[in-house]
Each structure stands twice: as C-alpha cells, then as structure tokens.
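Notes to accompany the following structure.
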Amino acid sequence: MANLQPVKGSGKDQPGLRYPSSGKTIYHRPLNRTKAAELSGASFAYLFSEMVGYASKKIESIQDLEKRLNVQGHPIGLKLLDLLLYREPPRTQTRPLNIIALLHFIKINVWQHLFGRAADGLEKSSDPTKPDEYMIIDNEPLVNRYISVPKDMSQLNCAAYVAGMIEGVCDGSAFPARVTAHSVGKQEEGEMWPGRTVFLVKFVPEVMEREGYLGKG
C-alpha cells in the first residue's frame, strides 16, 4: 500500500479543466469531423431561453436586453468566421474583400452553418442618403421560434443575438458595422411570415470610404 501514487489529474490536486482518462479533450477533435453535425432543437431552445432569462435581469428597457443579447452573440461571430474560413478549400480560403462578398458570405455560408439554410433575402437601402445600410432578411428566425414575448415587451426581438453574430463576422473581416434586428412581420391573421425579421447592417464611414476607393481602382 505504501507504493500507491495519487491519481493524476485529480480535481483537488490540479485546478482547472479535468481531462478524461484518454488524455484527449474536445480540442483534440478535427474541426472538419463535426462539419455536418446538428444540435438538438430542444436543447437549443432550452439553452437560449435560459440565456434570454439571464440577460433580462436588472434591465431598464427593451433596448438594454437586446444590447445584452447582441454582446453575447458578437464573440461567436468572430470565432465562427475563422472556423468557416478554415473549412474552405485552400484556393478559396480568403476573407471577403468587399461589402457585397462579405454579405453574400453571411447570407449563404454563415446562415447555412447556423440554421441549415440560406437567409431569405439581401437588399441594399433604397434611400440614397444611406448608402452604408444593407439588410439581411430572415422570414422565420430560429431564435424567435420558442420565445414567448410578454405583451408589455412586444417590441422585443431576440434575434438581436443573431445580429451580434453578424456584427462579429463583420468586425472579424475588417468591415466594422453596427447590426440591429427589426421585426417587420405583421401580427395579423393570414400573415404568411409574422416573425419576419430584418437585420440592418450599417457600416462605419471608414469602410465606405475604402469601398469607394477600391471601386475607383
């Protein structure tokens, strides 16, 4: 009995992450192995509802809650950009170089990875005084499907979480922008898309200045 050694990796002896007996963690898995993996809808609904509940504590307005959801989604967008580019073939493994390429990447690649389909639309603002505004349209955001919004918070759109992801992808691509989610569906009987949401992407002036310079070249 005197020759017995303490168990390696004991939680009491080594603080921090606990490693399985094989010595391998999730970080040892090839990134491409889980490329087509899907998350249970019930699991996502439960986790997201808990996130919304946590973010709704001690808020002063609906805007505060949407801002918190946006902040939670931002770092995911940054990491998602790197992951999706890593999975691209080497010859196409480059970050988007202009606004249109970036928005198409978000509309198709990002949406396909997150929701299993492309976004329903991509438009540029028709207002000539707002050339820096673009809109990504989703007729039925997944994040709103399992959320019951109280009547006194009818203006709340939990897709602000997805808006944060879009903002993270834009910032990670060196196209800083402010992204907000807006409900445009009409809550009327017979309405085909009552949860229709527009993600308004407003790029900073420096991005538009660079875009104009590249356009001239």
Side-chain angles (χ1 to χ4, degrees), residues 26 31 34-41 43-56 59 62-88 93-96 98-123 132-147 149 156-185 195-204 207:
I26 189 174
L31 291 176
T34 57
K35 186 174 181 178
E38 295 184 355
L39 176 67
S40 164
S43 299
F44 171 79
Y46 173 75
L47 291 173
F48 187 67
S49 64
E50 289 296 308
M51 288 175 56
V52 174
Y54 179 79
S56 63
I59 58 171
I62 295 176
Q63 289 71 26
D64 287 345
L65 175 53
E66 291 183 341
K67 177 61 177 178
R68 290 185 182 183
L69 293 174
N70 184 287
V71 170
Q72 289 177 350
H74 188 273
I76 296 178
L78 290 172
K79 296 176 182 178
L80 184 59
L81 172 66
D82 290 334
L83 176 62
L84 294 180
L85 291 178
Y86 172 82
R87 289 176 173 172
E88 288 288 321
Q93 203 174 62
T94 58
R95 294 174 185 267
N98 56 64
I99 289 177
I100 298 301
L102 171 64
L103 294 176
H104 275 285
F105 176 81
I106 295 173
K107 176 182 181 291
I108 299 173
N109 300 58
V110 173
W111 242 255
Q112 184 69 39
H113 177 81
L114 292 174
F115 310 118
R117 59 176 177 81
D120 296 298
L122 173 60
E123 299 177 5
D132 55 349
E133 292 186 354
Y134 292 79
M135 293 166 283
I136 299 174
I137 303 169
D138 193 326
N139 290 333
E140 190 179 9
L142 177 65
V143 293
N144 290 343
R145 188 176 300 173
Y146 306 104
I147 299 296
V149 180
L156 172 65
N157 192 327
C158 292
Y161 179 66
V162 180
M165 293 186 192
I166 299 174
E167 192 169 317
V169 173
C170 291
D171 290 349
S173 301
F175 287 82
R178 178 77 177 100
V179 185
T180 52
H182 304 270
S183 300
V184 296
R196 183 181 175 92
T197 295
V198 168
F199 297 93
L200 182 63
V201 184
K202 184 178 179 62
F203 293 98
V204 300
V207 171

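Numbers here simply count residues along the sequence, with the first being 1. Since the model is a prediction, treat every value here as computed from it, not as a measurement.
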Minimum heavy-atom distance [X]-[Y], with the two atoms named:
X	Y	answer
G53	S56	O-OG, 2.7 Å
G168	L78	O-CD2, 3.1 Å
C170	A177	CB-CB, 4.4 Å
T197	A181	CG2-CB, 4.1 Å
V207	P176	CG2-CD, 3.6 Å
V179	E167	N-OE1, 3.1 Å

pair V169-M165: side-chain heavy atoms closer than 4.5 Å: no
Side chain to side chain, W111 and I166, heavy atoms closer than 4.5 Å: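 Side-chain contact under 4.5 Å: yes.
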Just how far is it from atom [atom1] of [X] to atom [atom2] of [Y], taken to the nearest 0.5 Å?
X	Y	atom1	atom2	value
R68	I59	CZ	CD1	6.5 Å
I106	F199	CD1	CZ	11.0 Å
S49	L47	OG	CG	7.5 Å
F105	E88	CZ	CD	6.5 Å
L85	L80	CG	CG	9.0 Å
H104	N109	NE2	CG	11.0 Å

E66 (side chain) donor-acceptor with N157 (main chain) under 3.5 angstrom: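 Yes.
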K202 atom NZ, neighbour heavy-atom count above 12 within 6.0 Å: yes
Test log, rule salt bridge (Lys or Arg N to Asp or Glu O under 4.0 Å), inputs D132 and R178: CA-CA 11 Å; D132 55 349; R178 178 77 177 100; over 6 Å; no
Identified side-chain contact (heavy atoms from CB on, under 4.5 Å) partner of V162 from the options V143, D138, I136, N144: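 Among the candidates, only V143 passes.
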Whether Y161 and F48 hold their rings parallel, tilted or perpendicular, with breakpoints at 30° and 60°: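 Correct class here is tilted.
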Worked check of salt bridge (Lys or Arg N to Asp or Glu O under 4.0 Å) between R95 and D82: CA-CA 9 Å; R95 294 174 185 267; D82 290 334; 2.9 Å; yes
